[in-house]
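Take a look at the structure set out below.
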Amino acid sequence: MTKHSQPAVIAIFGATGDLAHRKLIPSLYEMAAAGHMNEDIIILGIGRGNDMDDAGFRKNAEDAIKESLGSNAELANKWCSSRLYYHAIGESTSEDFKKLSARIAKLERAHGQAGNRIFYLALPPPQFGPTIEALGAAGLNKSKGWTRLVIEKPFGRDLDSAVELNDVVHKNFDEEQVYRIDHYLGKETVQNLIAFRFGNAIFESMWNREKIEKVEIVVAEELGVESRAGYYEKSGAMRDMIQNHLTQLIALTAMEIPASFTAADIRYEKVRVLRSIAPIGENDVTMGQYTDGEIGGERVRGYREEKGVRRNSNTETFVGLKLHMENWRWHGVPFYLRTGKRLKDHSSEIKITFRCPPINLFTPHKLHDNSTESHSSANVLVIAVQPNEGFRMSFEVKAPGTEMMLKTEWMHFSYSEAFGALPDAYHTLLHDVMLGDQTLFVSSDEMLASWKLYTPVLKRKHTLHFYPAGSWGPEFV
Ligand code: BG6
């Protein structure tokens, strides 16, 4: 990260919440400590509580940094006490927002800043709209410098609510000011999909229906709903994972070659792919919910027994989808998506299965394949999004010996071997917001295209297939 951001105030709404504590504050500190952000940047935490002040917020931030990074306490203390401030927004009335505006202006004067501002909404989704309206009404949607708005997911809960929220955003901010977060786009392995596809000529000529038989995208989690039942009960796996994270993986895997490596061209191609996905048929959807089971040798509760979950809840914790693309590149190639909580393993990957050779010279009795991943002679490319980030590709090779026996072997690339530890996604995304680079953020068109695709599925009634925690989920198309 060599480019440098300008001085700015980063105002975080929801600064005493979980996301700020676990991700935002530690990432900002990490960037400051590594010299990846302008050292004059100030962070203004905004929350409801009047019982919090600058000192309390700094202390919480230091704890968050220690918990997350185990960092040098003295350095963290110095950074927090010189860069962090807290502002209580009260009931969020227009008067409260005027006071916020005055506080920001005062901080800017005190720090000799030109008026660059980032408003980060790390808030519960129902508060997005009212907060954006209030920012606009208080004139905080523009300033002497630049003003940017960062919105966490989920952006809406179906097409209508997303359109409504988007209208509020566009009434108050220009699209160029808006950064819709999907933290998957900040993952190195996800960004690498672009490098992998368009930086290596060998793959591009094979990346189509002629050579590829199917594409499978899996995001499997061992974790259950944890302490987030309140949110998850209203969301389910469709809204929590499919509409955003898995959709980003589809878009980057399937998009056409952009005209240039700019945010506008890349985002344009991603929208085109989403628009080319055919309406999802009833038989192409599988929904499930975990029951009690065993993970890593430990008994775990079923979803309906989790704290805060209704005993008769029909919220899906697993979704399997089969998608069909109506475009030249992918016509006839199924895209399988699968995501679930409390599955056997924690693993996210994109698996591309190439077509088998048109003629099989090696008769079945001569085939020898003790691989657990491939039982045919198709070449498979697995892009490991996490963990064990990297990729591997299978080849059929002749096993040494007098007979012609084939064996599947794998060629590997590992990020940790080549580069060591990878940066956290939030580090990358915050850095890009500071620089004003929208490439890794979801555009308005893309977000709407995605809701347009999934809203009919969300509106339909589905049979819920129960699966024991620690399994691979229900059988699916
Ligand atoms: C979040 C979802 O957006 O992504 C969580 O709300 C999910 O339910 C998480 O666990 C997965 O993120 P990651 O980076 O751990 O794969």
Side-chain angles (χ1 to χ4, degrees), residues 14 17-24 26-27 68 120-126 128 150-157 162 179-193 217-252 287-290 295 300 303 306-309 313 315-319 337-350 383-390 415 421-430 440-442 447 450-451 454 458 469 473:
D18 184 58
L19 180 71
H21 192 87
R22 278 188 310 108
K23 294 287 182 189
L24 305 182
S27 293
S68 166
Y120 197 120
L121 309 193
L123 290 170
F128 291 159
V150 185
I151 311 174
E152 269 293 332
K153 79 166 240 287
F155 194 100
R157 44 177 295 104
Y179 294 74
R180 293 178 196 80
I181 293 248
D182 183 313
H183 80 274
Y184 264 55
L185 287 170
K187 292 181 191 279
E188 283 292 334
T189 43
V190 176
Q191 294 170 61
N192 187 52
L193 287 168
I217 298 179
V218 178
V219 177
E221 296 186 279
E222 275 183 358
L223 287 179
V225 70
E226 310 302 301
S227 56
R228 301 163 69 224
Y231 151 78
Y232 200 84
E233 273 285 88
K234 293 196 207 93
S235 149
M238 274 300 286
R239 294 184 174 92
D240 187 46
M241 299 295 287
I242 296 274
Q243 185 271 335
N244 32 71
H245 305 329
L246 277 89
T247 301
Q248 290 304 325
L249 298 180
I250 308 171
L252 291 168
M287 295 213 181
Q289 188 188 80
Y290 64 83
I295 292 204
V300 294
Y303 181 71
E306 300 273 21
K307 197 164 162 245
V309 171
S313 169
T315 302
E316 78 286 358
T317 61
F318 175 100
V319 177
L337 267 54
R338 209 158 15 112
T339 186
K341 293 208 179 279
R342 286 281 189 236
L343 296 183
K344 198 178 181 65
D345 208 353
H346 165 54
S347 124
S348 304
E349 56 185 40
I350 300 166
I383 301 173
V385 175
Q386 64 189 28
N388 307 321
E389 291 85 350
Y415 265 96
L422 295 175
D424 185 79
Y426 275 94
H427 190 131
T428 307
L429 296 174
L430 285 161
L440 299 180
F441 297 86
V442 183
M447 178 274 300
S450 158
W451 278 123
Y454 300 121
L458 285 163

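Indexing begins at 1, ligand by ligand and atom by atom, following the structure's order. Because the structure is predicted, anything quoted here is derived from the model rather than measured.
- For Tyr184, the closest heavy-atom approach to ligand 1 falls below 4.0 Å.
- In terms of protein heavy-atom proximity, atom 15 (O) of ligand 1 is nearest to Gln386 NE2, 4.0 Å.
- Ranking protein heavy atoms by distance to atom 14 (O) of ligand 1, first place goes to Lys187 NZ, 2.6 Å.
- In this structure, the side chain of Arg180 engages the main chain of Val442 through a donor-acceptor pair within 3.5 Å.
- Ring planes of Tyr426 and His183: parallel class, angle under 30° (limits at 30 and 60°).
- Of the possible polar contacts, one joining the Gln289 side chain to the Ser313 backbone as a donor-acceptor pair under 3.5 Å is found.
- The heavy atom nearest to atom 13 (P) of ligand 1, out of those in Lys341, His183, Met241, Lys153, is found in His183.
- Selection from His346, Arg228, Arg239 by nearest heavy atom to atom 5 (C) of ligand 1 gives Arg228.
- Of the candidates His245, Glu221, Glu226, the one placing a heavy atom closest to atom 10 (O) of ligand 1 is Glu221.
- Remark: minimum distance from atom 8 (O) of ligand 1 to any protein heavy atom is reached at Asp240 OD2, 2.6 Å.
- Panel note: side chain Thr317, backbone Tyr290; a donor-acceptor pair is recorded below 3.5 Å.
- Distance alone, capped at 3.5 Å, places no donor-acceptor pair between the Glu152 side chain and the Leu123 backbone.
- Between Asp18 and Lys23, none of the side-chain N atoms (NZ, or NE/NH1/NH2) sits under 4.0 Å from a carboxylate O, so this pair counts as no salt bridge.
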